[in-house]
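One structure is given here, and the rest of the page talks about it.
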Number of protein chains: 2
Amino acid sequence: MSCLPRLSQSLRARGYRVTPQRLAILEALHHDGHLSPAQVYERVRQTGMTEATVYRTLEFLRANGIVFAAQREGGRLTYELAGASHHHLVCRACGAQVDLEAAAFQELIASLEQQSGYRLEASHLTLFGLCPACQKDSKAQA
Amino acid sequence: MSCLPRLSQSLRARGYRVTPQRLAILEALHHDGHLSPAQVYERVRQTGMTEATVYRTLEFLRANGIVFAAQREGGRLTYELAGASHHHLVCRACGAQVDLEAAAFQELIASLEQQSGYRLEASHLTLFGLCPACQKDSKAQA
DNA sequence: ATTCTTATTGATAATTTTTGCAATAAGGAA
DNA sequence: TTCCTTATTGCAAAAATTATCAATAAGAAT
C-alpha cells in the first residue's frame with residue numbers, strides 16, 4: 001500500500017492534481033486488478049463520481065503510464081495498475097488470458113527500438129490467439 | 001483481385017454465407033487498406049447497408065481471421081484485410097504509425113507458443129510507444 | 001489562513017457501438 | 001427451378017464512450 005503516495009507525488013511533480021476521484025479509481029484498480037470502465041464505475045459510484053469522469057480518468061492515467069489498457073475481445077478495454085512487467089496472451093475465441101514474464105521480449109524490443117527510433121512500451125503487450133481448448137473445436141482453417 | 005473469390009469460398013466452406021454486404025465491406029478494405037468502422041460505412045452506404053451491419057460484419061470477419069483489427073489511440077479500432085504479415089508501432093502521443101516486417105518476431109512467437117500451448121496470431125501485432133518526435137517534447141518521466 | 005490560477009469535475013448532449021427481434025435472402029436439397 | 005432451413009440484415013432502441021462548457025476545487029503563492 002505504498003504505491004499510491006508515490007504515484008500521487010509523481011503526478012504532482014508533473015503539474016497534475018491528485019483528486020479524490022483519481023485516488024478512488026487507483027484504489028479500485030489496486031484492489032481488484034483488471035477492471036473494465038464499467039466495473040471501475042461500480043466500485044466508485046458511491047463517491048458520486050460521473051461515468052464520464054471514470055472514462056476520462058482512466059484515459060488520463062493510461063496516457064501518463066500509470067495504468068495499462070489491455071485489449072480484450074472486440075476492442076473492449078480493461079485497465080490495470082502499471083506494476084510488474086508482464087504480457088498477456090488472450091484467446092480470441094473464449095477470452096481466456098495468460099500472463100507471461102517480460103524477460104523474453106527485452107531483446108526483441110531493443111532491436112525494434114533501434115530500427116524505428118521509437119521508444120516502446122515493452123512492459124505490457126497483448127497477443128491474440130487460440131488457447132489449447134479452443135484450438136480443438138475450432139472450425140477455422142481458412 | 002483474386003483474394004475475394006478465395007475468401008468467399010472459405011466462408012461458404014465453413015457454413016457461413018457470402019452476402020453483398022460482406023463483399024462490399026471486403027472490397028472497401030481491399031481498396032483502401034486501413035479503415036475505421038465509420039470510414040467503412042461511408043464507402044458502403046450507397047448500398048443501403050446499415051451501420052449496425054458494418055459493425056457486425058467487421059467483428060464477424062475479425063473473429064474469422066479474415067480481417068485484422070489494429071488498435072489506434074484510446075481503444076479505437078481500424079480494420080484491414082488479413083494479408084501480408086506485418087506489425088505496427090503506434091505513437092501513443094501523436095498516433096503516428098510505422099509498419100514492420102514480421103520476420104523478426106517469428107522466433108519469439110514460436111517459443112511463446114511452445115510455452116503456453118496457445119496458437120498465436122503472429123502476423124499483426126500492435127506495439128505502442130513514443131515516436132522520435134514526441135520523445136522530445138514529452139514531460140513524462142515518472 | 002486567504003487569494004489566485006487553472007486543472008479537473010459534473011451535467012448534459014452528441015457520438016459511437018451493441019443488442020433484440022421480425023423480415024429477408026443465401027445456398028443446399030428436392 | 002422451386003422449396004426449406006436458418007444465417008444474416010434492417011430497423012429501432014439500448015448501452016457505451018466521448019465531447020462541451022460552466023462551476024468547482026487542488027495546490028502554489030502571499
Side-chain angles (χ1 to χ4, degrees), chain A residues 4-5 7-26 28 35-64 66-67 69-79 95 139-140, chain B residues 4-5 7-28 35-64 66-67 69-79 92 95 139-140:
Chain A
L4 273 288
L7 288 176
S8 300
Q9 180 176 351
S10 160
L11 281 182
R12 251 186 303 259
R14 291 186 245 174
Y16 300 122
R17 294 176 185 175
V18 178
T19 65
Q21 291 86 347
R22 287 179 180 169
L23 285 176
I25 289 178
L26 284 172
L35 290 176
S36 69
Q39 291 173 314
V40 170
Y41 178 61
E42 275 177 37
R43 284 163 179 70
V44 298
R45 67 184 312 169
Q46 13 157 347
T47 72
M49 174 181 349
T50 315
E51 281 180 282
T53 299
V54 171
Y55 282 102
R56 270 181 308 205
T57 301
L58 287 173
E59 166 57 21
F60 165 83
L61 295 172
R62 187 203 61 74
N64 284 91
I66 292 173
V67 306
Q71 326 286 343
R72 302 201 71 155
E73 268 311 275
R76 260 73 180 284
L77 297 175
T78 58
Y79 294 84
K139 52 179 175 177
Chain B
L4 274 287
L7 289 176
S8 300
Q9 180 175 352
S10 159
L11 280 181
R12 250 187 305 260
R14 292 186 246 172
Y16 299 122
R17 293 177 183 173
V18 178
T19 65
Q21 291 86 346
R22 289 179 178 168
L23 286 175
I25 288 177
L26 284 172
E27 275 169 20
L35 291 176
S36 69
Q39 290 172 316
V40 170
Y41 178 60
E42 274 177 35
R43 285 165 178 68
V44 299
R45 65 184 314 170
Q46 13 157 347
T47 72
M49 174 179 351
T50 314
E51 280 179 283
T53 300
V54 171
Y55 282 102
R56 272 182 305 212
T57 302
L58 287 173
E59 167 57 19
F60 165 83
L61 295 172
R62 187 202 60 75
N64 283 90
I66 293 173
V67 306
Q71 325 288 342
R72 302 201 70 157
E73 266 313 273
R76 259 72 179 287
L77 297 175
T78 56
Y79 294 85
R92 77 175 180 194
K139 52 176 172 178

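Within every chain, numbering begins at 1; the chains are lettered A, B, ... in the order of the sequence lines, protein sequences first and strands thereafter.
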Residue Thr53(B), side-chain atoms from C-beta onward, closest of dT9(C), dG10(D), dA26(C): dG10(D)
Can you confirm whether Tyr79(A) sits close enough to Val54(A) that some side-chain heavy atom of one is under 4.5 Å from a side-chain heavy atom of the other? no
Please state how far atom CG in Leu77(A) lies from atom C1' in dT16(C), giving the value in whole angstrom units. 14 Å
Winner on side-chain proximity to Val18(A), out of dT8(D), dA11(C), dG27(D), is dG27(D)
Would the distance check show the side chain of Arg22(B) and the main-chain N or O of Arg17(B) forming a donor-acceptor pair, the cut-off being under 3.5 Å? yes
Is any side-chain N or O of Arg12(B) under 3.5 Å from a base N or O of dG28(C), one able to act as donor and the other as acceptor? no
Can you check the Phe60(B) CZ to dT9(D) P distance for me, whole Å? 8 Å
Among dT18(D), dT9(D), dT9(C), find the nucleotide with the atom closest to the side chain of Thr57(A). dT9(C)
Nearest to the side chain of Arg17(B), which nucleotide is it out of dA26(D), dT8(D), dC11(D)? dT8(D)
Would you call Arg56(A) and Glu59(A) a salt bridge, taking side-chain N to carboxylate O under 4.0 Å as the test? no
Given the structure, check if the side chain of Arg22(B) and the base of dT8(D) hold any donor-acceptor pair shorter than 3.5 Å. no
Main chain of Thr53(B), side chain of Thr50(B): is a donor-acceptor contact present, judged purely on distance under 3.5 Å? no
Atom CG of Leu11(B) and atom C1' of dT6(D): how far apart are they, to the nearest Å? 16 Å
Ranking Thr19(B) and Glu51(A) by the position along DNA chain D of their nearest nucleotide, the one closer to 5' is Thr19(B)
Please give, in whole Å, the distance from dT9(C) P to Leu23(A) CG? 10 Å
Is it the case that dT9(C) (base atoms only) and Arg56(A) (side chain only) share a donor and an acceptor within less than 3.5 Å, ignoring hydrogens and angles? no
